[in-house]
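Note sheet for the following structure.
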Amino acid sequence: MSILDGLNPAQRQAAATIDGPVLVLAGAGSGKTRVLTYRIAHLVREKNVAPWNILAVTFTNKAAGEMRERVETLVGDQSSDIHIGTFHAICARFLRIEATAFGLDPHFTIYDEDDRRALMRRVLKSLDIPEEDLGPRSAIGQISRAKNAMLTPALFAQQANDNNIQRRLAEVYIAYETQLRQVNALDFDDLLVELVRQLKSNPDVLRKYQERFQYLLVDEYQDTNRPQYLLIQQLAALHRNLCCVGDDDQSIYQFRGADIRNILDFERDYPEAQTVRLEQNYRSTGRILAAANAVIQNNQDRKGKQLWTQEAAGEPLLLAQCDTDRREARFIVTTLRQQLMDPQYSLSDAAILYRTNAQSRALEEELQRSGINYIIVGGIRFYERKEIKDLLAYLRLLVNHADDISLRRIINTPKRGIGDTTITGLQAFAQHQSLSMLAALEILDQWPGLNSRTRNSLEKFRTLMNQLAQAKETLDLANLGETIFEASGYRQQLQDEASPEAEAREQNIAQLIADMTEFCHNEDEPTLEFFLEEKSLMSSVDEAEPGDALTLMTLHSAKGLEFPLIFISGLEENLFPTSRAVEEARTRPAAIEEERRLFYVGITRARQRLWLSYASRRFAYGTLITTEPSRFLNEIPAELMVVREEGNKTEYSRGARSSPPIKTSQQSARITRQAPPKRQQAKGIHYEYDAPSSQAHAIDPHIDHNQVIDEEDFLAIGRWVLHNRWGKGKIVAREGQGNAMKLTILFAHNQLKRVMVAYAQLEPA
DNA sequence: CAGCGGTTCATTTTT
DNA sequence: TGAACCGCTG
C-alpha cells in the first residue's frame with residue numbers, strides 16, 4: 001500500500017522517482033498538481049524526508065495556496081513546515097532574512113509597475129530625455145529585458161555599441177538602478193536577479209540553502225525565465241533532486257522573458273534526468289481535446305505530445321460569428337442562460353475568456369443589463385486602487401524612510417496645499433543635502449528662500465509623519481491603518497466629497513483595514529513589513545473570491561484553471577492573434593506560435609462545453625473597426641464545430657485562404673450536431689465514444705454507427721472519398737494514425753479541407 | 001495651488 | 001472609449 005496507488009502509471013513514475021532530476025511533461029488536465037502533491041506526500045510519509053527539506057515553487061500565490069491545501073490533506077500538520085511559495089515571494093523572503101549577509105537594508109520596499117513607472121519618469125526627467133526619444137514604458141521594458149538577461153548596468157553599457165539609442169539607454173539604466181537603490185527599493189525583476197547574484201557571491205549562504213532544500217519541485221516550469229532557472233540550478237546543485245513540471249505547449253510568457261529553452265534543454269542541463277510524459281487528459285471531452293490537439297499541431301517548436309482521453313466525445317464546439325461585439329456579448333449571455341436551465345450548472349461553472357482586458361467592457365455592459373452576477377479577474381486589482389495605494393504608501397514610508405516615490409504620492413494626498421513646485425523644490429533640496437525627502441523635511445530651516453506659507457504646509461506634513469511613526473511603535477497593524485486614515489485627513493476628504501465614488505473608496509479602505517486585522521490573526525509574525533510584502537506580491541488571480549458568479553478574465557489569467565463551460569471571445573485577426581504578433585510573424589513566422597499556445601491554453605480550460613466567437617465589427621479606440629476571423633479558427637477541424645451566425649449577415653473577405661471556417665446562415669442553420677465517429681480500433685489511443693444518453697437527440701439517426709472503416713484501404717492518398725457536407729473529394733495528404741488521423745482533401749471548386757477521420761463521415765466514393 | 005477643459009494617445013498578456 | 005497629460009485661469 002502506498003499513497004501513490006491512486007495514480008496512473010505515468011503519474012506514479014513522476015511522483016516516485018525522487019532521486020535525481022526529473023522532468024515531467026504534463027499536458028493540460030493531465031493531473032500535474034496531483035503529481036506534485038502526491039510526490040510531496042510520498043517524500044514525507046513514505047521516505048521520511050523532513051518537511052523543511054522540501055521546497056516547492058509555483059507561479060501564482062493561488063497555485064501555492066492550492067498546493068499547500070492539498071498537501072495538508074495528505075500529510076496533515078507537517079505540511080506547515082514545507083516551503084511552498086511563488087518565486088517572487090520566496091526570493092523576497094530570503095533577501096530579507098539574509099539582508100545583513102548580503103549587505104542590504106532589510107526594510108527594502110518592493111516596487112510594482114506603477115512605482116516603477118513613477119521612478120522612471122523621474123529618471124528620464126533628470127537626464128533631460130524628451131518623451132519622444134524614449135518613453136518611460138519603452139525604457140522600463142528594455143531595462144527589464146536587460147535585467148532578465150542578467151546584464152548589470154555596467155555590462156549593458158559595455159555591450160551598447162556606438163548606437164546612440166543604446167548608449168542613452170545604458171545611461172538610463174544606470175540612473176534607474178542608482179535611484180532604486182537610493183530609495184531602497186527593489187522591482188519585481190530585482191527580487192530574482194538580486195538573489196541569484198547574492199547567492200553566487202556568498203557561497204556559504206548558498207551552501208546553507210543547498211543543504212536545507214534536499215528536494216526541489218518547480219511548477220509551470222515552461223514559464224520560468226533566466227534568473228529563475230539560475231536560482232533553481234544554484235539550489236539544486238548539491239542534491240540534484242529536482243522535479244520540474246511543465247508543458248511546452250502552454251508557454252505563454254515568453255514576451256516577459258520566460259525562456260522555453262529551460263524546458264527544451266532540460267535533458268542537456270541534467271544529462272541523468274528522467275523524462276516522464278503525462279498524456280492522459282482527465283479534464284475535457286473528446287471533441288474539445290481533439291480541437292486542442294489539432295490547433296497546437298500547427299506549432300513547429302514543440303516537444304510533441306498527443307493528449308488522449310477516456311471521456312465521451314461530448315458536444316461539438318460552437319462558433320458564433322457575430323456582426324458586432326455587442327451581439328457577441330448578447331450571444332454569450334443568451335447561451336449562458338440556456339445552460340443554466342440545466343440544474344447541474346451554476347454561474348460559477350462558466351468563464352468568459354478574452355485576449356485583452358479592454359474587451360471586458362462590452363461584455364460587462366451586457367451582463368449588467370441582464371443582471372448576471374460576474375467577477376472580473378485581473379481588471380484593476382484591489383491593491384492597485386488609488387485609495388489603497390495611497391494608504392499603503394503611508395505605511396511604506398513608515399517602514400522605509402528613503403522611499404521618495406511613496407512620499408511624493410502622499411505628501412499632498414489628501415490636499416495639503418503642497419503643489420508641484422514645492423515638491424520639485426523639496427526633491428532638489430533633499431538631493432543637495434544627500435538626504436531622502438522625508439529626512440530633508442527635518443531640516444527645513446536650511447532651505448534657503450523657503451516662503452513661510454509653503455514651510456507651514458511642509459511642517460504640518462512632517463508633524464503628521466512623526467506622529468504616525470510613533471503610532472507605528474505602539475499600535476497593532478489594523479489600528480495603525482485606522483489612525484493613518486483618520487489623522488491624515490483622508491477620511492475627512494472622502495466624506496466632504498460626499499459622492500458615491502468617495503463612498504466606495506471609503507469602503508475599500510475599510511476592507512483594507514479588515515485585511516490587516518485578519519493578517520494579525522493569521523500570521524505568527526504580523527509585522528508591517530510582511531504585510532506590505534504580501535500585498536505587493538499579490539496578483540489579481542489570487543483575489544478571485546468564490547461565490548456564485550460568472551468569471552471574466554484574460555486567457556493568461558486562466559492558465560491553471562478549469563471550468564465546465566468556457567467562452568472564448570474575440571477570435572479575430574489582429575486581436576487574437578494580436579496585431580503585434582501578426583506583424584512580427586511577417587518576418588518571423590514563429591512569432592504566431594505563442595498566440596497559438598495561448599489559444600490552446602484557452603481551449604483546454606473547458607471541461608464540457610466550449611463556445612468560440614468573433615465579431616465582424618468591433619469598437620476599438622472609440623471607433624468601429626471591421627475585422628476578420630482569426631486564422632486559428634481554420635485550424636479546428638470542421639467536424640468538431642457547429643457554426644452559427646448571430647446578427648445580420650456580414651460580408652467578410654475570403655482572401656486567399658483556402659478554407660474559411662464560415663458557412664452562410666442557411667447552411668449553418670441546417671447543420672445538425674455531428675454524429676459521434678464510427679467506432680474504430682484505435683492504435684494506442686483509447687477514445688471511447690459512447691455518447692451519454694442525454695445527447696442521443698444530437699445524433700443523426702441516418703448514420704450507421706456500426707459501419708467499419710478499413711482505413712488502410714480507402715483512406716490512402718489519391719483515393720476519392722465522399723464527405724457528408726462537401727461531397728466528393730480526393731485525398732491529397734494524410735497525417736497521424738488511428739483516431740488522430742487527419743486527411744487533407746481536395747473537394748470541388750478547389751476547396752482544400754483538413755478533416756479528422758474520427759469525426760468526419762467519410763465513405764468511399 | 002487647484003480645478004477646469006482641452007488634447008492626445010493607447011490596448012497585449014502579469015509575477 | 002477612456003485615462004493621462006498639459007496648459008490656462010481664478
Side-chain angles (χ1 to χ4, degrees), chain A residues 57-64 85-92 110-114 116-118 121 131-132 135-138 140-141 144 148 186-193 219-220 223-225 227-228 251-258 325 353-362 364-365 377-381 383-384 386 412-424 451 453-454 457 533 536-542 553-560 570 574-584 591 594-595 597-599 601-602 618-625:
Chain A
V57 194
T58 64
F59 207 64
T60 62
N61 293 300
K62 186 168 188 224
T86 65
F87 272 105
H88 294 269
I90 284 169
C91 290
I110 300 169
Y111 271 12
D112 67 10
E113 288 322 304
D114 263 10
R116 201 188 240 200
R117 215 177 56 219
R121 283 232 171 77
E131 180 97 24
E132 308 83 70
R137 207 191 142 76
S138 146
I140 287 170
S144 177
N148 285 321
L186 297 176
D187 63 27
F188 281 139
D189 297 327
D190 288 335
L191 292 176
L192 301 156
V193 171
D219 192 14
E220 306 281 15
D223 287 324
T224 52
N225 61 17
Q228 286 165 338
S251 166
I252 54 173
Y253 285 106
Q254 285 176 44
F255 74 94
R256 203 175 69 193
D325 50 351
L353 311 183
Y354 38 75
R355 183 62 181 81
T356 66
N357 277 310
Q359 287 168 253
S360 73
R361 190 148 295 141
E364 278 185 82
E365 277 172 22
V377 174
I380 312 131
R381 288 193 274 150
Y383 283 93
E384 272 169 9
K386 185 187 176 304
N412 198 32
T413 310
K415 303 263 180 291
R416 298 188 179 90
I418 302 174
D420 246 13
T421 334
T422 310
I423 296 173
T424 314
N451 72 53
R453 211 177 121 126
T454 321
S457 321
E533 183 172 304
S536 318
L537 297 175
M538 195 115 122
S539 81
S540 50
V541 185
D542 304 324
M553 64 188 148
T554 63
L555 287 133
H556 280 88
S557 301
K559 190 184 69 169
N574 296 317
L575 181 58
F576 191 18
T578 58
S579 49
R580 287 195 182 204
V582 171
E583 196 74 12
E584 203 187 329
E594 179 145 313
E595 296 286 308
R597 285 191 294 269
L598 194 54
F599 188 37
V601 166
R618 174 179 296 280
F619 265 104
Y621 303 106
T623 42
L624 203 59
I625 55 163

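Atom set for the values below is all heavy atoms of this structure, side chains included, hydrogens, waters and symmetry mates excluded. Order of the sequence lines sets the chain letters (A, B, ...), proteins ahead of strands, with each chain counted from 1. Given the structure is predicted, the values throughout are model-derived calculations rather than measurements.
Of the charged side-chain nitrogens involved, none lies within less than 4.0 Å of a carboxylate oxygen, so that R361(A) and E364(A) do not count as a salt-bridged pair.
Across all strands shown, G622(A) has heavy atoms under 4.0 Å from base atoms, whether or not it also approaches the sugar-phosphate. Within the nucleic acid shown, R453(A) has no heavy atom closer than 4.0 Å to any nucleic acid atom. Among the heavy atoms of the strands lying under 4.0 Å from R121(A) are primed sugar atoms or P, OP1, OP2 only; no base atom is included. Residue T421(A) is in sugar-phosphate contact alone, with no base atom involved, counting any heavy-atom pair closer than 4.0 Å across all strands shown. Among the heavy atoms of the strands lying under 4.0 Å from T422(A) are primed sugar atoms or P, OP1, OP2 only; no base atom is included. Residue N412(A) is in sugar-phosphate contact alone, with no base atom involved, counting any heavy-atom pair closer than 4.0 Å across all strands shown. Among the heavy atoms of the strands lying under 4.0 Å from T554(A) are primed sugar atoms or P, OP1, OP2 only; no base atom is included. I252(A) comes within 4.0 angstrom of no nucleic acid atom, judged by non-hydrogen atoms across all strands. Residue contacts shown for F576(A) are absent, as no nucleic acid heavy atom lies under 4.0 Å away. If you check every strand for non-hydrogen atoms under 4.0 Å, F188(A) touches a base.
In this structure, S557(A) reaches the dT14(B) phosphate: one of its side-chain N or O atoms is under 4.0 Å from OP1 or OP2. Within the structure, a side-chain polar atom (N or O) of N357(A) is placed less than 4.0 Å from OP1 or OP2 of dT14(B).
When atom types are taken as modelled, the side chain of N412(A) and the backbone of R416(A) share a donor-acceptor pair closer than 3.5 angstrom. Proximity of a side-chain donor or acceptor of N61(A) to a complementary backbone N or O of T86(A) within less than 3.5 Å is not detected.
Qualifying salt bridge (charged side-chain N to carboxylate O under 4.0 Å, His left out) partners for E533(A), counting only residues two or more places apart in sequence or in other chains: R93(A), R96(A). Remark: E365(A) pairs with no residue by the side-chain hydrogen bond (donor to acceptor under 3.5 Å, both in side chains) rule, at least two apart or across chains.
Residue T454(A) holds its OG1 atom at 9.0 Å from CD1 of I418(A), rounded to the nearest 0.5 Å. To the nearest 0.5 Å, atom CD of residue E113(A) and atom OG of residue S144(A) are 7.5 Å apart.
Taking atom CZ on R256(A) and atom P on dT14(B), their separation rounds to 9 Å, with Å as the unit. The separation between Q254(A) atom CD and dT14(B) atom P is 16 Å, rounded to whole Å. The interatomic distance linking R137(A) (CZ) with dA10(B) (P) rounds to 8 Å, in whole Å. Across the protein-nucleic acid pair, E113(A) atom CD and dT15(B) atom C1' stand 9 Å apart, rounded to whole Å. One interatomic measurement links the two molecules: CG of N225(A) to P of dT14(B), which rounds to 16 Å at whole-angstrom precision. Between the C1' atom of dT13(B) and the OH atom of Y354(A) lies a distance of 12 Å, rounded to the nearest Å. In this structure, Q359(A) places its CD atom 12 Å from P of dT12(B), rounding to the nearest Å. Here dT12(B) presents its P atom at 11 Å from CZ of F255(A), a figure rounded to the nearest Å.
By the 6.0 Å and 45° rule, K559(A) does not stack over the aromatic ring of Y253(A).
On the nucleic acid side, DNA chain C has its first and last nucleotide under 4.0 Å of a heavy atom of chain A at dT1(C) to dC5(C), going 5' to 3'.
Separating the C1' atom of dT12(B) from that of dC5(C) is a span of 23 Å, rounded to the nearest Å. Comparing dT11(B) with dC6(C), their C1' atoms sit 23 Å apart, to the nearest whole Å.
Comparing E594(A) and T454(A) against DNA chain B, the residue whose closest nucleotide sits nearer the 5' end is T454(A). Each of Y621(A) and Q228(A) lies near DNA chain B, and the nucleotide nearest Y621(A) is the one positioned closer to the 5' end.
R580(A) contributes no side-chain N or O that forms a donor-acceptor pair with the base of dT12(B) under 3.5 Å.
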Apply side chain to side chain contact (heavy atoms under 4.5 Å, CB included) to the pair H556(A) and L598(A), showing each step before the final yes or no.
CA-CA 7 Å; H556(A) 280 88; L598(A) 194 54; 3.4 Å; yes
